Amino acid sequence: MLTRSKVIVLSGVSPLYAELKELLESRNYQVISLEQAESYQNQIEIALEVSNLDLNAKRLTIQKMDAALASHVPILATSMAVTATEIASWTLSPERVCGFGTFAPLSERNLIELAPALQTGTLTIEKAKTFIESLGKETAQVDDEVGLIFPRILSLIVNEAVFALMEGIAAPEDIDIAMRKGTNYPYGPLEWADRIGLDEVYSVVQGLHRDLAEERYRPAPLLRKLVLAGRIGKQSGHGFYQYEKQEGSSS
């Protein structure tokens, strides 16, 4: 007799999409789109939304989830470019919304940060924590601020490295070598950004600048230009370095 899989709604545009889908299916979850939710109403355990760059699209998806899913189903949304509290304010059931965040590649991350909104209910937090741990990842609960901890700090390091590149201080390779050898980071900041996705990094820095309005969070113009040009790193074949183009990872 076959065991029925637990059903997860997964939506959004992000490098995390394909990796999350693969991880979920490896853990015996059935991944469906938001459009399929009506057919699985009584089986849906949780909904995930992972868009960061286009906040209008993110808001629309969250509102569709809120309308389509039973009120007891938690909605976990990446709060990389916007706070979970703001995301929750878009819904009629804000207590079921919880922020989370990490960077791709997901296989290199042992921990996923959870950032409850001011409106998030205790039961939602417990369900979110149990769910993340069921994927074989540790959790850390952090305050609800744009970018959380790891994505925020790494994005700002990348942003500063891009300013250094723009100012002609060193070539990309030399910036990365200096940081790898000077800090023992696994990657230099520019090659790390290419692995993560420049659009993801830009989303965090732009979100911090939007939310806090401080000059220190101003995105480097070159970072913005590369994102606008679609040169977002390894997945596009071109970022600060050139690569063989990878298949898309969004839906």
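Bear in mind that the values here come from a model prediction, so they are computed numbers and not experimental data.
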query: Excluding sequence neighbours, so at least two apart, what forms side chain to side chain contact (heavy atoms under 4.5 Å, CB included) with A178?
result: none
- request: Could you name each residue pair satisfying salt bridge (charged side-chain N to carboxylate O under 4.0 Å, His left out) that touches residues 28-53, not counting sequence neighbours?
  value: E49-K58
message: Can you pull out every ring-ring contact (aromatic ring centres under 6.0 Å, His included) where at least one residue sits in residues 125-149? Sequence neighbours excluded, please.
response: Y29-F131
- request: Scan residues 194-240 for pairs that pass ring-ring contact (aromatic ring centres under 6.0 Å, His included), counting only residues two or more places apart or in two chains.
  value: none
message: Pairing donors with acceptors under 3.5 angstrom, does anything connect the side chains of T124 and E95?
response: no
field: All pairs passing salt bridge (charged side-chain N to carboxylate O under 4.0 Å, His left out) where residues 212-225 contributes a residue, at least two apart
entry: E214-R216, E215-R218
task: Keeping to residues at least two apart or across chains, list the salt bridge (charged side-chain N to carboxylate O under 4.0 Å, His left out) pairs with something in residues 127-138.
output: K129-E133
task: List for me each residue that meets side chain to side chain contact (heavy atoms under 4.5 Å, CB included) alongside E126, sequence neighbours excluded, and say none if there are none.
output: T122, L123
Distance-only donor-acceptor pairs under 3.5 Å for side chains of residues 63-74, two or more places apart:
unit_1: Q63; atom_1: NE2; unit_2: W90; atom_2: O; d: 3.4
unit_1: D66; atom_1: OD1; unit_2: R96; atom_2: NE; d: 3.3
unit_1: D66; atom_1: OD1; unit_2: R96; atom_2: NH2; d: 3.0
unit_1: D66; atom_1: OD2; unit_2: L92; atom_2: N; d: 2.5

field: L16, L111, L148 screened by side chain to side chain contact (heavy atoms under 4.5 Å, CB included) with T102, the one that passes
entry: L16
- prompt: Residues two or more places apart in sequence or in another chain: which of them pass side chain to side chain contact (heavy atoms under 4.5 Å, CB included) with A220?
  reply: N159, V162, F163, M166, L223
query: Listed by chain and number, what are the ring-ring contact (aromatic ring centres under 6.0 Å, His included) partners of Y187, not counting sequence neighbours?
result: W192
- prompt: How would you list, by chain and number, every residue that makes a side chain to side chain contact (heavy atoms under 4.5 Å, CB included) with E22, sequence neighbours excluded?
  reply: none
task: Flag yes if more than 12 heavy atoms outside R231 fall under 6.0 Å of its CZ atom; otherwise flag no.
output: no
- request: Sorted by first residue and then second, give each salt bridge (charged side-chain N to carboxylate O under 4.0 Å, His left out) pair with at least one member in residues 70-88; sequence neighbours left out.
  value: E86-R210
